[in-house]
Amino acid sequence: MLRNRTWPGLALVFIMLAVMLTACGGGDGGKGAANSPSPAASPSQTPSASPDTAAVRSYTDALGRTVDIPANPQRIVTTQYLPELLAVGVKPIGAVTHLLTSFASVKDQIAGIEDLGAINEMNLEKTLELQPDLIIATESSDIDMLDKLGKIAPTVVVKWDGRDPFQHFRDVADIVGKNDAAEAWTQAYEKKAEDARAKLASYVKPGETFGVVVIGGYEKGQLRVYGPGNVGYTLFDTLKFPMTDAVKTEWGKGNNQLGLKISLEKLPEFASADRLFLVKFDNDPDFVTQVENSSLWKDLPAVKNGKVYTVDDNIWFSYDVMSFNAQLDDAIRLLGS
């Protein structure tokens, strides 16, 4: 009987307390709720499962494989395309050795990227420890290594052969969800190139021809000239300087991925441009001396007129958009004075 008589009173007390608490919460504009502990997030609300980080999409890579990749990858390992990633503001957590030593154009941006060893001898244990959510590779990686990498994280192959650097750039940007950033970068580069052409028109006479000579490199006693590919891209494609007829004709025949290999005796035929850009590799110093001391070299028009520009192979022999940007700066510096 006592319990039945006191229950209505207790209920009234609880109701009054609830009203008072509600009034207090409403009176501070919701600050009380904001300062109180949040309820534990359900699995679907945790950051790891948010749409930005957990969403996946299917991607068909250069080998024809369909791979489920993160829509917004956060921890990327790459065996190629480091400059392309950095150009869209994506810094990988790991990369193979040659990417960290070969690109002068991005040397100030690679601090903190783990060195994972040679491309086909990658340190798989270290790669696993990095916990990547995406691995980007090229067709130069052997299949066995690709299979091993695929067991660590989704691994996609981006085609290198037969594609120009801006296509590489677009392909990589698409994979990491940065298409807009790549487009903005490309537009800015094209504007910079346009401005450079206008500026250099005051320093380079109409009709002056340009050439590219490379001494040393892949083998002993090697002498090469280039058209628009590789080291000649910025001069002939971007700045649109004319090459000599001999180089233009020979280059047009194709099969020139490694340049046009010539003998010393062919210098007058293929290096007779008004201005020469020269790359000297240090792996064959005796041959460099032989070429530069020869009468064939000394009699070239650009040599006699003091219009030979020796350039850094770490900038000019790299075939990527960030190197092109650095090459453009270098060309303006060398020619615009």
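- To the nearest 0.5 Å, atom NZ of residue Lys304 and atom CG of residue Asp299 are 5.5 Å apart.
- Annotation: the span from Glu121 atom CD to Leu116 atom CG amounts to 13.5 Å, rounded to 0.5 Å.
- Applying the ring pair (Phe, Tyr, Trp, His ring centres under 6.0 Å) rule to pairs touching residues 300-322 yields Tyr226-Phe317, Phe277-Tyr309, Phe277-Trp316, Phe281-Phe317, Tyr319-Phe324, sequence neighbours excluded.
- For Glu250, the side-chain contact (heavy atoms from CB on, under 4.5 Å) partners are Lys253, Leu260, Phe270, not counting sequence neighbours.
- Residue pairs meeting the ring pair (Phe, Tyr, Trp, His ring centres under 6.0 Å) criterion with at least one partner in residues 180-199, sequence neighbours excluded, are Phe166-Tyr189, Phe169-Trp185, Trp185-Tyr189.
- For the residue pair Ser140 and Asn120, the shortest heavy atom distance occurs at O-ND2, 3.6 Å.
- Ala193 and Thr238 get closest at one heavy-atom pair: CB-CG2, 3.5 Å.
- With rounding to the nearest 0.5 Å, the separation of CG in Leu146 from NZ in Lys151 is 11.0 Å.
- Considering only heavy atoms from C-beta on, Val77 stays 4.5 Å or farther from Thr155 through its side chain.
- Within the 4.5 Å cutoff, side-chain heavy atoms of Lys178 are placed close to those of Val90.
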Stepwise side chain to side chain contact (heavy atoms under 4.5 Å, CB included) test for Glu292 and Lys280:
CA-CA 10 Å; Glu292 293 187 316; Lys280 297 188 288 187; 3.2 Å; yes

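- Other residues, nucleotides and ligands place more than 12 heavy atoms under 6.0 Å from the NZ atom of Lys192.
- Applying the side-chain contact (heavy atoms from CB on, under 4.5 Å) criterion to Asp174, with sequence neighbours excluded, gives Arg57, Tyr59, Asn179.
- Residues Leu335 and Phe241 have side chains in contact (heavy-atom distance under 4.5 Å, counting atoms from C-beta outward).
- In this structure, Ile76 and Ile135 have side chains that are not in contact, with every pair of non-hydrogen atoms separated by 4.5 Å or more.
- Without hydrogens or angle criteria, Asp133 side chain to Gln74 main chain gives a donor-acceptor distance under 3.5 Å.
- Taking Asp330 as the reference, Arg333 meet the salt bridge (Lys or Arg N to Asp or Glu O under 4.0 Å) condition, with sequence neighbours excluded.
- A distance-only check finds a donor-acceptor pair linking the side chain of Asp142 to the backbone of Met145 [under 3.5 Å].
- Residue pairs meeting the side-chain hydrogen bond (donor to acceptor under 3.5 Å, both in side chains) criterion with at least one partner in residues 196-210, sequence neighbours excluded, are Glu208-Arg275, Glu208-Lys307, Thr209-Asp274.
- Between Leu276 and Val212 there is no side-chain heavy-atom pair separated by less than 4.5 Å.
- Taking OG1 of Thr101 as the reference point, atom CG of Asp115 lies at 8.0 Å (rounded to 0.5 Å).
- Other residues, nucleotides and ligands contribute more than 12 heavy atoms inside 6.0 Å of the CD atom of Glu219.
- Counting all heavy atoms, side chain and backbone alike, Ala273 lies closest to Phe210 at CB-C, 3.4 Å.
- Taking every heavy atom of both residues into account, Ala95 and Ile113 meet most closely at N-CG2, 3.8 Å.
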Tell me, with the steps shown, if Leu223 and Val214 meet side chain to side chain contact (heavy atoms under 4.5 Å, CB included).
CA-CA 6 Å; Leu223 188 61; Val214 177; over 6 Å; no

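- Of the residues Asp61, Val56, Ile175, the one that meets the side-chain contact (heavy atoms from CB on, under 4.5 Å) test with Ile69 is Ile175.
- More than 12 heavy atoms of other residues, nucleotides or ligands shown are found within 6.0 angstrom of CG on Asp147.
- Applying the salt bridge (charged side-chain N to carboxylate O under 4.0 Å, His left out) test to every pair with at least one member in residues 230-249, sequence neighbours left out, gives no pairs at all.
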Side chain to side chain contact (heavy atoms under 4.5 Å, CB included), that's the test. Do Ile152 and Leu130 meet it? Break it down for me.
CA-CA 10 Å; Ile152 296 174; Leu130 289 176; over 6 Å; no

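- For residues 77-87, the side-chain hydrogen bond (donor to acceptor under 3.5 Å, both in side chains) pairs, not counting sequence neighbours, are Gln80-His98.
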Can you give me every donor-acceptor pair (side chain of residues 103-112, partner residue at least two apart or in another chain, under 3.5 Å) with its distance?
| from | atom 1 | to | atom 2 | distance (Å) |
| --- | --- | --- | --- | --- |
| Ser105 | OG | Ser323 | OG | 3.4 |

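- Enclosure of atom CG in Asn305 by more than 12 non-hydrogen atoms of other residues, nucleotides or ligands within 6.0 angstrom is indicated.
- Between the side chain of Ser294 and the main chain of Val291, a donor-acceptor pair closer than 3.5 Å is present.
- Note: Asn230 CG to Ser318 OG = 8.0 Å, rounded to the nearest 0.5 Å.
- Side-chain atoms of Asp284 never come within 3.5 Å of backbone atoms of Lys220 as a donor-acceptor pair (strictly under, hydrogens ignored).
- Glu269 CD: more than 12 foreign heavy atoms inside a 6.0 Å radius.
- Under the rule for a side-chain contact (heavy atoms from CB on, under 4.5 Å), the partners of Thr66 that lie at least two apart in sequence or sit in another chain are Ser58, Thr60.
- Judged by distance alone, with hydrogens and angles left aside, the side-chain atoms of Asn123 form no donor-acceptor pair with the main-chain N or O of Gly117 at under 3.5 Å.
- Within the 4.5 Å cutoff, the side chain of Gln222 has heavy atoms near those of the Arg224 side chain.
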What verdict does the side chain to side chain contact (heavy atoms under 4.5 Å, CB included) test give for Leu82 and Leu100, after you've listed the backbone C-alpha separation in whole Å, the side-chain angles of each residue and the deciding distance to 0.1 Å?
CA-CA 8 Å; Leu82 175 61; Leu100 301 176; 4.1 Å; yes

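- Nearest heavy atom pair, residue Leu85 against residue Pro92, reads CD1-CG, 4.2 Å.
- Thr138 is not listed as a side-chain neighbour of Val158, based on a closest heavy-atom distance of 4.5 Å or more.
- Hydrophobic clustering (ILVMFWY, side-chain heavy atoms < 4.5 Å, transitive): Leu124 and Leu99 are in one cluster.
- At distances below 3.5 Å, at least one donor-acceptor pair connects side-chain atoms of His168 with backbone N or O atoms of Trp160.
- Linking Ile, Leu, Val, Met, Phe, Trp and Tyr whenever their side-chain heavy atoms come within less than 4.5 Å puts Val157 and Ile143 in one cluster.
- Residues forming a side-chain contact (heavy atoms from CB on, under 4.5 Å) with Lys159 (at least two apart in sequence, or on another chain): Ala62, Glu139, Asp161, Arg163.
- Residues satisfying the salt bridge (Lys or Arg N to Asp or Glu O under 4.0 Å) test with Lys191, not counting sequence neighbours, are Asp195.
- A pairwise comparison of heavy atoms in Trp251 and Pro228 identifies NE1-CD, 3.2 Å as the closest pair.
- With hydrophobic clusters built from ILVMFWY side chains whose heavy atoms lie under 4.5 angstrom apart, Leu63 does not share a cluster with Ile136.
- Atom CG of Leu239 sits about 10.0 Å away from atom CD of Gln327, to the nearest 0.5 Å.
- Using a 4.5 Å cut-off on side-chain heavy atoms (C-beta onward), Leu300 and Val308 make no contact.
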